[in-house]
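Accompanying notes for the structure given below.
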Amino acid sequence: MARRFVLKTEPAHDRPPGLTIDYAGELNEQQLAAAAAGGGAHLVVAGAGTGKTRTHVLRVAYLVESGTPPEQILLLTFTRRAASEMLTRASALLDGRCQRVQGGTFHAFCLSLLRRHAERAGYPSNFTILDSGDAADVVDLVRNAAGLSRSGKRFPRKATLYAMISTAVNRQMRLDEVVEDRYPQFVDVLEGVERVATGYREYKSRHGLMDYDDLLMQAGMLLEREADICRVVASRCRHVLVDEYQDTNLLQARLVELFASVHGNVMAVGDDAQSIYRFRGANPDNIFDFPDRFEGARVMRLEHNYRSSQQILDLANYLITLASRRYDKRLFSSRPDGELPGLVAAPDEQTECRFVCQMISQLREEEVPLNRMAVLFRSGFNSYALELELNRRNIPFVKYGGVKLSEAAHIKDLIAHLRVVENPKDASAWNRILVLLEGVGPKTASDIIEWVAERDREPFAIEEKPFSPRYAESLIALFSMLRRLRSGELTLQDQIETLQVYYEPILKRKYYEDYPRRQQDLDHFSGIAAQFRSRAPFLESLALDPIELTALDAEGAVEDEPPLVLSTIHSAKGLEFDTVFVIQAIDGILPSAYSLRDTEALDEELRLLYVAVTRAERNLFVSYPILQHRRFEGEYFAKPSRYVVDVDESILEPIRLEEAPIEGRPELAPGRQDPARLPF
DNA sequence: TTTCCCAAGCTTTTT
DNA sequence: GCTTGGGAAA
């Protein structure tokens, strides 16, 4: 038995620091109090636009300057983008000294923990991460194996099953509670659901798979179970900073507690009025529970908004009063002079797009850079019509949110091959690549997977050919390709190329109709791979940070102008723009039709609109089409969003669109109009 | 057992 | 408009 010697925690703030940054000059009083706070637990309740990021950045700088080693600071954020932005800004302030701060999302940080201590967590260190699509596929495999796919009783589909399982984990509820609460229609098949859930759990651990929830849960369990690991990890977390605390779930709150369990220095920043991830299991009450969770916590507030004009804040303040839950928050601005936000009722979607495009062009002529303007919407598809119109007018844009390149079937096929090479036990990836072979269906695939699993020494060797000649040849081709990828002789770039050559005939067979378009995606994918040194980090990055399928590759973009931003409201969190357009403000879209029955869900939709509105600094336009097209039913009269329809005109000013009189010009055929001279 | 074809059902937000 | 599931032919 080794002897133990306990090192005392050295107080970090004893030394009166020789600071190079003038914090008092950079920050207001409230911000300064937060940025330069001492140790212990702090909750900073920061309204929208009150300089949350700035405070975080200077907090990091302050800690580093006052003697905390950068690698002992942990900055947890909601997205990778947010983490890298903050660290870049902090590094710029302190000539690169903040580079070594540990930063990233909860998921990424937990992943690195688990890789380092995989054995102790009961996993192989090359375990694979499943995104939600993969996870649903695994659930499907389990369900089929359990014979629950047979009809008779209605049984939830794979995505629903997985949603149930995931909700239970994230909210720390029992599965039966989740089903009773949120899926009452499936109460009578609860037993089957539970069998699938159990099977899913076993399947993952047998094949070295983790889904997103496992990253959090397994990391939490590891730290709780293995006191020595917990001590090592938490010792390195002299200061824990958490951004967007209102969107953490119970697991994440617990993790923060564990990370801070040695030093007890936590600063959580958040805004209860901006909680928009309840659907994913976020627990907005975490903010209110913070003082209970962390003894002696001090609560601070940031209320002075530097972002938006008072007119925009008036609308935001008004909106938040519509919530069924009270938020005691009134933001005030130092920019009193502004225009009223506008409400635009367009006759139809096409006209709404014309309005947005024309206003954008006009503002650009007034020297507002394109990338200081954003169009925000509830769901990814809400911008399709606008994207067409922007393309037609050669206005460059990027889109955040919506469909991800790495979720396209053909890209997932390629990724699955890489996953098998990386982790030959990954049965879900095996299944995916095997059923691509002609003559192989689910049954044969599962037989082959069994057969492979029995000989885990040399995973891709076929000595004898115990299989039907129907597919033996293609199976041998697959295995020899996998062997090459695994050999270690090829760079990642060459591996992808080999893979593409192998996959091309499959692509043509499977998608004979539109394979050229998909081929382009594959090339794009291969280009992205070029930024990575090897397979493992590439796969990891794909799993944690799926590639946004942006319209950036619009070939026709002549200008090198930074593009206009299109974004789902969720993806726009934390960003700010000179001008914001909120389009498709229709009842059933914003608020979403799925939330109409439930007041808590409705409140979240309202907060979503609140987030959208508070992104704007100077100009805000909320618009909706009166005549809306719906996929099946055709045209119908839309109801404007309940949140904007009754707002007083002194807060949200109606804007009437008028068509310019056409001056002696015959009407042009649609699609051939001259965009620059298009009248309203 | 696979594959093809047709009918049915559902469709959000993200790590 | 697309994916998913079921049924039947090969």
Side-chain angles (χ1 to χ4, degrees), chain A residues 76-83 104-111 129-137 140 143-144 148-152 154-161 163 166 169-170 210-217 244 247-249 251-252 275-282 376-382 384 400-404 406-407 409 434-435 437-447 467-468 470-471 509-510 540-546 548 567-573 584 588-596 601 604-605 607-609 611-612 629-633:
Chain A
L76 292 166
T77 56
F78 205 68
T79 61
R80 286 191 161 191
R81 242 195 307 168
T105 60
F106 277 91
H107 291 87
F109 186 67
C110 288
L111 173 62
I129 304 158
L130 304 174
D131 68 24
S132 18
D134 302 327
D137 287 342
D140 203 39
R143 181 185 60 176
N144 290 335
L148 284 163
S149 58
R150 232 150 296 164
S151 53
R154 60 202 171 142
F155 200 71
R157 9 188 314 164
K158 60 181 183 180
T160 314
L161 280 168
S166 177
V169 175
N170 277 302
M210 284 207 203
D211 61 21
Y212 288 140
D213 304 331
D214 290 325
L215 292 177
L216 303 182
M217 198 173 62
E244 311 281 11
D247 283 321
T248 54
N249 62 27
L251 269 171
Q252 289 165 323
S275 153
I276 53 176
Y277 281 93
R278 196 187 75 107
F279 75 94
R280 202 176 87 181
L376 307 182
F377 33 86
R378 178 65 175 82
S379 315
F381 65 84
N382 295 149
Y384 289 168
Y400 296 107
V403 187
K404 303 282 194 293
S406 40
E407 272 156 26
L434 287 172
V435 295
L437 305 178
E438 232 162 340
V440 177
K443 180 69 173 75
T444 312
S446 94
D447 288 347
F467 299 113
S468 149
R470 199 152 41 108
Y471 50 82
R509 179 164 50 82
K510 203 172 158 196
E540 210 145 272
S541 167
L542 282 173
L544 289 179
D545 195 17
E548 305 259 2
S567 177
T568 57
I569 299 173
H570 285 91
S571 297
K573 185 157 95 152
Q584 299 271 316
I589 290 182
L590 182 62
S592 149
Y594 301 101
S595 49
L596 294 182
E604 177 142 311
E605 300 289 311
R607 292 192 298 264
L608 206 47
L609 180 58
V611 168
H629 186 78
R630 192 144 56 192
R631 272 166 272 209
F632 268 138
E633 292 118 85

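A, B, ... follow the sequence lines: proteins, then strands. Residue 1 opens every chain. All values derive from a computational prediction rather than experimental measurement.
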**Request:** Applying ring-ring contact (aromatic ring centres under 6.0 Å, His included), name anything that partners A:Phe78, two or more places apart in sequence or on another chain.
**Result:** A:Tyr277
Rounded distance in Å - [atom1] ([X]) to [atom2] ([N]):
X        : N      : atom1 : atom2 : result
A:Asp447 : B:dT1  : CG    : C1'   : 10 Å
A:Asp137 : C:dT3  : CG    : C1'   : 12 Å
A:Leu608 : B:dT12 : CG    : P     : 15 Å
A:Lys573 : B:dT12 : NZ    : P     : 20 Å
A:Arg607 : B:dT13 : CZ    : P     : 18 Å
A:Tyr471 : B:dT1  : OH    : C1'   : 10 Å
A:Glu407 : B:dT14 : CD    : C1'   : 9 Å
A:Arg157 : C:dT3  : CZ    : C1'   : 7 Å

**Request:** Check whether the side chain of A:Arg378 and the base of B:dT13 form a donor-acceptor pair under 3.5 Å.
**Result:**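 Indeed, a donor on one side and an acceptor on the other fall under 3.5 Å apart.
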Could you list the residues that satisfy salt bridge (charged side-chain N to carboxylate O under 4.0 Å, His left out) with [X], not counting sequence neighbours?
X        : value
A:Arg278 : A:Asp598, A:Glu600
A:Asp134 : A:Lys412, A:Arg419
A:Lys158 : A:Asp137

**Request:** Give the minimum heavy-atom separation between A:Ala572 and A:Leu376, together with the two atoms involved.
**Result:** CB-CD2, 3.7 Å
**Prompt:** When you measure from the centre of the six-membered ring of A:Tyr400, is the NZ or CZ of A:Arg81 under 6.0 Å away and within 45° of the axis?
**Reply:**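 Because its charged atom sits under 6.0 Å from the ring centre and within 45° of the axis, A:Arg81 does stack over A:Tyr400.
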**Asked** When the nearest nucleotide of DNA chain B is assigned to A:Ala445 and to A:Ser132 on a heavy-atom basis, which residue is associated with the more 5' position?
**Response**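 Mapping each residue to its closest nucleotide by heavy atoms, the 5'-most match is A:Ala445.
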With the criterion being N/O to N/O and under 3.5 Å, what pairs connect the protein with nucleotides 3-8 of chain B, and how long is each?
{"residue": "B:dT3", "atom": "OP1", "partner": "A:Gly439", "partner atom": "N", "Å": "2.7"}

What's the closest nucleotide to the side chain of [X] if the choices are [options]?
X        : options                : answer
A:His107 : B:dT14, B:dT12, B:dT15 : B:dT15
A:Lys158 : B:dT14, C:dT4, B:dT15  : C:dT4
A:Lys443 : B:dT1, B:dT12, B:dT14  : B:dT1
A:Ser571 : C:dT4, B:dT14, B:dT12  : B:dT14
A:Thr444 : B:dT1, B:dT15, B:dT12  : B:dT1
A:Phe279 : B:dT12, B:dT13, B:dT15 : B:dT13

Are the side chains of [X] and [Y] in touch, meaning some heavy atoms are under 4.5 Å apart?
X        : Y        : answer
A:Thr248 : A:Leu76  : no
A:Arg80  : A:Ser541 : yes
A:Asn382 : A:Leu590 : no
A:Phe377 : A:Ile569 : no

Output a table of nitrogen or oxygen pairs between the protein and nucleotides 8-10 of chain C separated by less than 3.5 Å.
none

**Message:** Below the 4.0 Å mark, does C:dG5 have OP1 or OP2 next to a side-chain nitrogen or oxygen of A:Arg143?
**Reply:** yes
**Request:** Check whether any side-chain nitrogen or oxygen of A:Thr568 sits under 4.0 Å from OP1 or OP2 of B:dT14, and answer yes or no.
**Result:**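 So the side-chain polar atoms of A:Thr568 do come within 4.0 Å of the phosphate oxygens OP1 or OP2 of B:dT14, strictly under.
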